[in-house]
Amino acid sequence: MSENVVRLHKPTDPPTADTAPTVLTVVPDSPPARPVPLWVRSGRAVKTAATHEATRATVRAAARHGLYTFNGGRIVARRAWDGRTGSRYERMIRAAEAAGNLEAAQEWEERLQRFRAARHHRRMDLLHSPVEAAKGVAVGAGMSVGVLVALGVVMAINTGHVGDVITPLSATVDFIALLIRIVQVVWGPALSIGPFLALLALWSVGRKQHAAPAWALPANVRNTEGEPITPSIVVKALRDLGVPALARAIKEMGDAGASMLGPIRIAGCGVEVDVTLPSGVATNEVQAKRRKLAENLTRHEHEVFITIPQAARTVRLWVADSGALDEPIGPSPLVTDDTMTADYTTGKAPWGQDLRGDAAALSLYQRHLLITGLSNQGKTVALRSLALWLSLDKSVQFLMGDLKGAGDWNMFDGLATTLIQGPTDEHVIQVTEMVEGAVNEMNRRLQAPPGTVFPPLIVLVDEAQVAFMCPAKGTGKDKRPYGGAKADSRYFMAVRKIHNQGRAVNVLMWQGTQDPTNENLPKLVREGAHTRASLALGTESQARMALGDKAVDGGAAPNLLRPGLDRGTLVVASDGISIPAGQSSITVRTHYIDDDAATAITDRAKALRDGVTTLHAIDRSAEHDPLADIAAVIGDAPRVRTKDVLARLAARNADAYGDWSFLDLKRVLDDADASPYKSDGVMCVARDRVARALANRDSDGSASAE
């Protein structure tokens with residue numbers, strides 16, 4: 001039997017989860033939201049409907065077609081007025097006078113006088129025309145009746161009925177009555193439909209001329225077609241440029257600014273116009289507003305170029321057709337013409353096209369070269385295309401160093417005397433010693449008898465910034481650094497020496513660098529180049545490093561080129577290329593030559609030569625074998641001129657052969673019974689003689705050893 005225990009005291013232990021009492025919490029309902037007023041909801045609905053894309057498209061379409069009709073009527077009225085009056089001739093006269101072209105103004109004035117004389121003659125004829133017209137009608141009517149009666153007489157004679165005499169006349173009267181009835185029937189509907197047909201015709205004229213504001217035009221027309229460049233558009237763009245003095249001067253001009261403009265000329269894929277600025281406006285004020293000027297002309301910034309010609313207070317505007325600069329140019333003549341050859345002295349390398357669409361060719365004669373730009377903008381291809389053209393001159397020798405090592409210059413293996421490819425410090429050391437060997441060859445040429453003619457020697461270093469930034473130093477007693485921009489830098493000093501004196505003896509330095517700074521492209525080196533070219537750059541300060549202050553102050557702006565989109569487009573400052581008078585630079589769109597096409601060109605160049613053994617490293621060992629080295633530099637050629645042998649020996653080992661003269665070479669060959677000889681009046685070294693001397697020496701050594 002269970003017992004129920006009733007506890008009379010209150011428990012002190014806290015209740016557990018199982019024994020705790022259930023507590024109900026009453027949460028009051030949130031107050032109802034205040035209703036949105038009707039006028040707010042209506043305003044939101046109206047705003048949504050008004051800003052909806054369908055509404056905006058409808059408004060644009062309505063405005064566009066309405067303005068097509070209205071402006072079409074204006075165009076037709078203007079054409080009719082021009083046809084009946086001399087206003088067209090007067091406009092052309094004013095434009096010619098504003099442009100300063102007095103000959104054209106005089107010609108248009110003569111045309112206006114002829115037009116007025118012809119119009120006066122027509123008006124005088126109207127005084128006599130009513131009487132003559134009445135006479136003509138009377139004569140015509142009488143002749144017509146006479147003909148019809150005569151025809152009736154013939155019919156009456158044929159049929160024997162006298163009544164047939166008036167049959168043709170009555171038939172004509174019936175036909176005229178039928179025409180009158182047709183006109184009576186059609187006249188009413190024609191009066192109703194005619195105005196609509198006239199409006200449709202006006203709409204068609206306005207539509208063909210795009211006679212509506214840009215915001216109302218269809219998207220495909222608004223986004224892809226730029227407005228044609230006319231004097232009024234240019235003046236308006238200048239007025240709205242944001243230069244207060246220029247805007248005031250244009251408003252005060254009686255001709256609304258037309259006198260500032262020269263003739264608008266077609267120039268390649270765009271137009272060109274010279275603008276003479278009014279007093280108080282500097283040319284650099286317009287240059288600084290290039291983007292705004294381009295947008296005022298309905299162009300992108302890269303489609304407008306501003307340069308400073310020779311005339312004072314004048315800017316030259318070149319405005320491209322919309323989208324024209326995004327179209328590729330044609331292939332290089334080096335690719336399309338298998339018979340092309342080169343001439344270092346008098347020829348010019350076909351490099352590309354300028355903005356006018358004319359061929360841009362560069363003279364390489366006794367000009368040091370520097371090409372720079374951001375990475376992956378086409379620097380190597382632009383530099384290589386010049387070397388490809390010059391390789392077709394068989395007298396040109398090449399010493400090449402590619403400090404990227406990606407194989408961009410592989411096609412010159414067997415064509416260049418030295419070809420070093422790689423990005424490491426060891427490759428920089430090899431390239432530095434190659435350039436120092438060229439310095440020794442330059443010194444030898446400078447000490448030659450006056451009047452001696454030397455073959456061109458091109459010392460080409462691609463990615464030269466790697467050499468300037470190299471931290472490696474010499475070993476042993478010579479602790480001089482290879483890189484750097486100081487007087488103890490071996491690469492820097494070698495380049496400077498060639499820049500200073502190499503041009504006189506046809507030893508030329510070509511360099512390609514990227515992303516220039518004062519550290520990786522020293523000031524003295526960049527200013528030593530006669531031809532300076534730049535692809536797209538990041539800043540104006542880099543543009544000044546690449547091209548110099550004069551070119552940039554004159555309008556050169558590689559920093560405004562579009563990285564990636566303007567790949568292969570160069571701004572060039574050089575006296576070796578045709579530049580418009582008064583300008584300090586020119587923009588060139590270079591031809592692209594791919595690796596396969598470049599290999600085909602070098603194959604043609606190799607066929608012009610007897611054979612070149614390319615060295616891929618500089619032998620810096622202390623021990624050397626002069627006779628073996630001579631055989632190595634001769635390669636597969638049956639004979640090589642002695643001065644070429646000396647140049648190749650100096651490039652192979654500058655320390656051993658840099659100071660060699662013809663007497664040193666002759667001494668070694670005479671001792672080996674392989675003396676040089678004359679061929680076509682030039683001293684040469686025969687491969688067979690040197691090979692026989694080596695064979696005899698090796699056999700003598702073997703016999704003595706036995």
(Q) Looking only at the side chains, is there a donor atom on one of Glu463 and Gln465 sitting less than 3.5 Å from an acceptor on the other? (A) yes
**Q.** Residue pair Asp274 / Thr314, side-chain donor-acceptor N/O under 3.5 Å
**A.**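 There is no such pair (donor and acceptor under 3.5 Å, judged by atom type) between the side chains of Asp274 and Thr314.
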Q.
Can you tell me how the ring of Phe412 sits relative to the ring of Trp409, calling it parallel under 30°, perpendicular over 60° and tilted otherwise?
A. tilted
**Q.** ring pair (Phe, Tyr, Trp, His ring centres under 6.0 Å) partners of residues 506-550, not counting sequence neighbours, each pair once
**A.**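 Applying ring pair (Phe, Tyr, Trp, His ring centres under 6.0 Å) to every pair that reaches into residues 506-550, excluding sequence neighbours, yields His368-His530.
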Separation between [atom1] of [X] and [atom2] of [Y], rounded to the nearest 0.5 Å:
{"X": "Arg526", "Y": "Asn518", "atom1": "CZ", "atom2": "CG", "value": "4.5 Å"}
{"X": "Ser375", "Y": "Lys404", "atom1": "OG", "atom2": "NZ", "value": "7.0 Å"}
{"X": "Leu535", "Y": "Leu570", "atom1": "CG", "atom2": "CG", "value": "4.0 Å"}
{"X": "Asp393", "Y": "Ile458", "atom1": "CG", "atom2": "CD1", "value": "10.0 Å"}

Q. Between Ala598 and Ile593, which heavy-atom pair has the shortest distance, and what is it?
A.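 Taking every non-hydrogen atom into account, N-CG2, 3.8 Å.
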Q. Would Val645 and Arg648 count as a side-chain contact (heavy atoms from CB on, under 4.5 Å) if you check the C-alpha gap in whole Å, the side-chain angles of each, and the deciding distance to 0.1 Å?
A. CA-CA 5 Å; Val645 173; Arg648 297 177 186 181; 5.9 Å; no
Q: Show your reasoning for whether side-chain contact (heavy atoms from CB on, under 4.5 Å) applies to Val431 and Val428.
A: CA-CA 5 Å; Val431 168; Val428 172; 5.7 Å; no
**Q.** Heavy-atom donor-acceptor pair, Asp566 side chain to Arg562 backbone, under 3.5 Å
**A.** yes
